[in-house]
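Counting starts at 1 for both ligands and their atoms, in listed order. In what follows, every heavy atom counts, from backbone to side chain, and hydrogens, waters and symmetry copies are set aside.
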Amino acid sequence: MPSITTVSLVRTVPSGSPTVDDFKVSSEPASTKESLKDGEILVRTLYLSCDPYMRSRLTGRTDSYVASFEAGKPLSGSGVGVIEASASPKFKEGAIVAGADFPWKTAFTAPTNGFIEVPMPGAAQPVSVLGVLGMPSFTAYVGIVTLCQVKPGETILVSAASGAVGQMVVQLAKARGLRVIATAGSDEKVQFVKDLGADVAFNYKTAGDYEAAIRKAAPDGFDIYFDNVGGEFLDAVLKCIRPNGRIAECGMISQYNATKETAYGIRNLSYVVTSKITIHGFIVRDYYTTPAYLAFIKEVSALLKENRLQYKLDEVVGLENAPQGLLDLFEGKNFGKRVIKVTSRAERL
Ligand SMILES: NC(=O)c1ccc[n+]([C@@H]2O[C@H](COP(=O)([O-])OP(=O)(O)OC[C@H]3O[C@@H](n4cnc5c(N)ncnc54)[C@H](OP(=O)(O)O)[C@@H]3O)[C@@H](O)[C@H]2O)c1
C-alpha cells in the first residue's frame, strides 16, 4: 500500500534557534482516488518553499499577521503540485496547481479552494511558481518599485543580496538604471551578485566594522536601502544613508532567532529624524490584489524573454530533509531561493 510522508511541528519555539528535533517526520497510508469525496482533489506535492517568515510561525505567537503552526500538526507553506485524482470539475488529473498553504506532505486530499491551476506552456517548469515568479520576487518588486519608487541614477544598497528576494532586488534595480551596492555572507555569494550586475559588493562577515565597510563601498552615499537583515547592519545604514533616504523594510532575519538577551537594540534611530529617512515596512501579501502584481508579472516576463534575468534556486531533495532545509536559512547555508523537491513530475503515488 503506498504511503506518504508528513513533516509536523513537535513543539513551538518562541525564541532562540529551533533544531530538527522540534520537527517530526512520519509516514501514513496514502489516500486513494476511491476515497475522494465530491469536490475534493488528490494532490501530489512537487515542490515546497522554505521562507524566513516561517520562523514566526514556529513561535506559537497569536499576535502575528500569519497564524502560528500548532504542535502536533503538519507545517504548511507555498507549494506546487500535480493533481493525481480529481472529484471536482475545477481541476483535471495531471493539472499543475499552486497554493500558499500546501501541507508539508508528499501527497494530500483537500477541497479545491486555495489552489489555482498554473498553465505550463512549452518548457515551463512548475518550480518557477516558487522561484522567479514567486512570492520573494514580488517582494523585491513591491519594495523597490511600489514603495521606494526608485529612479534611474539613484543608488540602492541591498543586504542578503544572493537570496530569494535579494537577487531579484539587484536585477530589477539594475534593469531600472540604478547603481547597486550589495552585501552577502560569503565570497562566492559576493561574486554571484556581482555577476548579476551589482556595481559593488562585499562580504559583510569579513568586512569588519559595518559603518566603515558601507562608507568604503558607497563613498558618495546611497538613496535607498532594501533591508533583509535588520539588527546591527540596519543600525549602521541609518548613519550612512543620504538625507531623505528611503528604506524598504522587508525583513530582519538577523533577529528571528534572537532571545530577549541577544536581540539587537537599534541605537541610531534619531537619524530617521535628522536625515529625514522614510521607512516603508510592508507585507507582500497585501499587494497581490493591487495593480502591482500584474505589473510585476509583466516586467519579469519581459526581462525573462529578453534573457536579462537569472534566478538561482537552491534545491534540497526529499521532504524528510525539509526541517534542516528551513533551518539553514537562518545560518546562511542556502545559496539562492531554497525549495524542497518533494516528488518529480513523472512519479505516481
Ligand atoms: N516583507 C515581506 O513581505 C517579505 C517577504 C519575503 C521575504 N521577506 C524577508 O526578506 C528577507 C530575505 O528573505 P529571503 O526569502 O530572500 O531569504 P534568503 O535571502 O533566501 O535566505 C536568508 C538569507 O539571510 C541571510 N542571513 C541569515 N541569517 C543572517 C544573519 N544573522 N544576519 C544577516 N544575514 C543573515 C543569509 O544570507 P547571507 O549568507 O548573505 O548572510 C541567508 O541566506 C527575510 O528577512 C525575510 O523575512 C519579507
### Task
Report yes or no: does a heavy atom of Tyr204 sit under 4.0 Å from some atom of ligand 1?
yes

### Message
With rounding to the nearest 0.5 angstrom, report the CD1 to OH distance, Ile241 to Tyr271.
### Response
13.0 Å

## Note on the structure
Looking at Ser56, Gly185, Gly143, the heavy atom closest to atom 40 (O) of ligand 1 belongs to Gly185

#### Entry: Criterion salt bridge (Lys or Arg N to Asp or Glu O under 4.0 Å) against Asp51, the qualifying member of Arg338, Lys337, Arg57
Lys337

### Message
Take a 6.0 Å sphere around NZ of Lys151 and say whether it holds more than 12 heavy atoms from other residues, nucleotides or ligands.
### Response
yes

#### Entry: Least distance between heavy atoms, Thr155 atom then Ile181 atom
CG2-CD1, 3.6 Å

### Message
Give the atom numbers and elements of ligand 1 that come within less than 4.0 Å of a heavy atom of Gly251.
### Response
9 (C), 45 (O)

### Message
I'd like to check which ligand 1 atoms, numbered from 1 as shown, lie under 4.0 Å from a non-hydrogen atom of Ile283.
### Response
3 (O)

### Query
Do Lys174 and Asp199 meet the salt-bridge criterion of a basic N to acidic O distance under 4.0 Å?
yes

### Message
Pair Arg11, Asp21 - check salt bridge (charged side-chain N to carboxylate O under 4.0 Å, His left out), show working.
### Response
CA-CA 9 Å; Arg11 62 187 78 79; Asp21 295 336; over 6 Å; no

### Summary
min-distance protein heavy atom vs atom 8 (N) of ligand 1 -> Cys250 SG, 3.5 Å

### Task
Please state whether Met135 comes within less than 4.0 angstrom of ligand 1, counting heavy atoms only.
yes

### Query
Which residue owns the protein heavy atom closest to atom 19 (O) of ligand 1, what's the atom, and how far is it?
Gly163 CA, 3.2 Å

### Message
Within ligand 1, which atoms have a heavy atom of Val229 less than 4.0 Å away?
### Response
33 (C), 34 (N)

### Query
What's the verdict on side chain to side chain contact (heavy atoms under 4.5 Å, CB included) for Met54 and Val66, showing C-alpha distance, side-chain angles and the deciding distance?
CA-CA 9 Å; Met54 295 171 88; Val66 59; over 6 Å; no

### Query
Cut-off 3.5 Å, side chains only: do Asp328 and Asn334 have a donor facing an acceptor?
no

### Task
Would you mind listing which atoms of ligand 1 come within a distance below 4.0 Å of any non-hydrogen atom of Ala164?
14 (P), 15 (O), 16 (O), 18 (P), 19 (O), 20 (O)

### Task
Examine Phe102 together with Tyr47 and report whether their ring centres are nearer than 6.0 Å.
no

### Task
Mark the output for Met252 as yes if a heavy-atom distance to ligand 1 is under 4.0 Å, and as no if none is.
yes

### Query
What do we get for Tyr256 next to ligand 1 when only non-hydrogen atoms under 4.0 Å count, side chain, backbone, both or neither?
side chain

### Task
For atom 28 (N) of ligand 1, find the nearest protein heavy atom and state the residue, atom name and distance (0.1 Å precision).
Phe330 O, 3.4 Å

### Query
Can you find an N/O atom of Val165 closer than 3.5 Å to an N/O atom of ligand 1?
yes

### Shortest protein contact, atom 15 (O) of ligand 1 (heavy atom only)
Pro52 CD, 3.3 Å

### Query
Any idea which atoms of ligand 1 are less than 4.0 Å away from a heavy-atom of Val284?
2 (C), 3 (O)

### Task
Pick one of side chain, backbone, both or neither for how Phe335 approaches ligand 1, counting any non-hydrogen atom pair under 4.0 Å.
neither

### Query
Using a distance-only test with no angle check, is there a side-chain donor-acceptor pair under 3.5 angstrom linking Thr6 and Glu28?
yes

### Task
Would you please test Phe282 and Thr146 for side chain to side chain contact (heavy atoms under 4.5 Å, CB included) and show each step?
CA-CA 11 Å; Phe282 70 105; Thr146 312; over 6 Å; no

### Task
Would you indicate which of Ile253, Thr139, Leu329, Asp51 comes nearest to atom 4 (C) of ligand 1 when only heavy atoms are counted?
Thr139

### Query
If you measure every N/O of Asn228 against every N/O of ligand 1, is any gap under 3.5 Å?
yes

### Message
Counting the benzene-type ring for Trp, do Tyr287 and Tyr141 have ring centres under 6.0 Å apart?
### Response
no

### Task
Provide the number and element of each atom of ligand 1 under 4.0 Å from a heavy atom of Phe282.
1 (N), 2 (C), 3 (O)

### Query
Which residue owns the protein heavy atom closest to atom 31 (N) of ligand 1, what's the atom, and how far is it?
Ser254 CA, 3.4 Å

### Query
Under 4.0 Å from any heavy atom of Lys189, which atoms of ligand 1 are there?
37 (O), 38 (P), 39 (O), 43 (O)

### Min heavy-atom dist Ser162 to ligand 1 below 4.0 Å
no

### Query
Which protein non-hydrogen atom lies closest to atom 36 (C) of ligand 1, naming both residue and atom, and how far is it?
Gly332 CA, 3.5 Å

#### Entry: Element-labelled atoms of ligand 1 that are located less than 4.0 Å from some non-hydrogen atom of Asn334
18 (P), 20 (O), 21 (O), 42 (C), 43 (O)

### Side chains of Ser76 and Asp101, donor plus acceptor under 3.5 Å
yes

### Query
Relative to each other, are the rings of Phe138 and Tyr293 parallel, tilted or perpendicular (30° and 60° limits)?
perpendicular

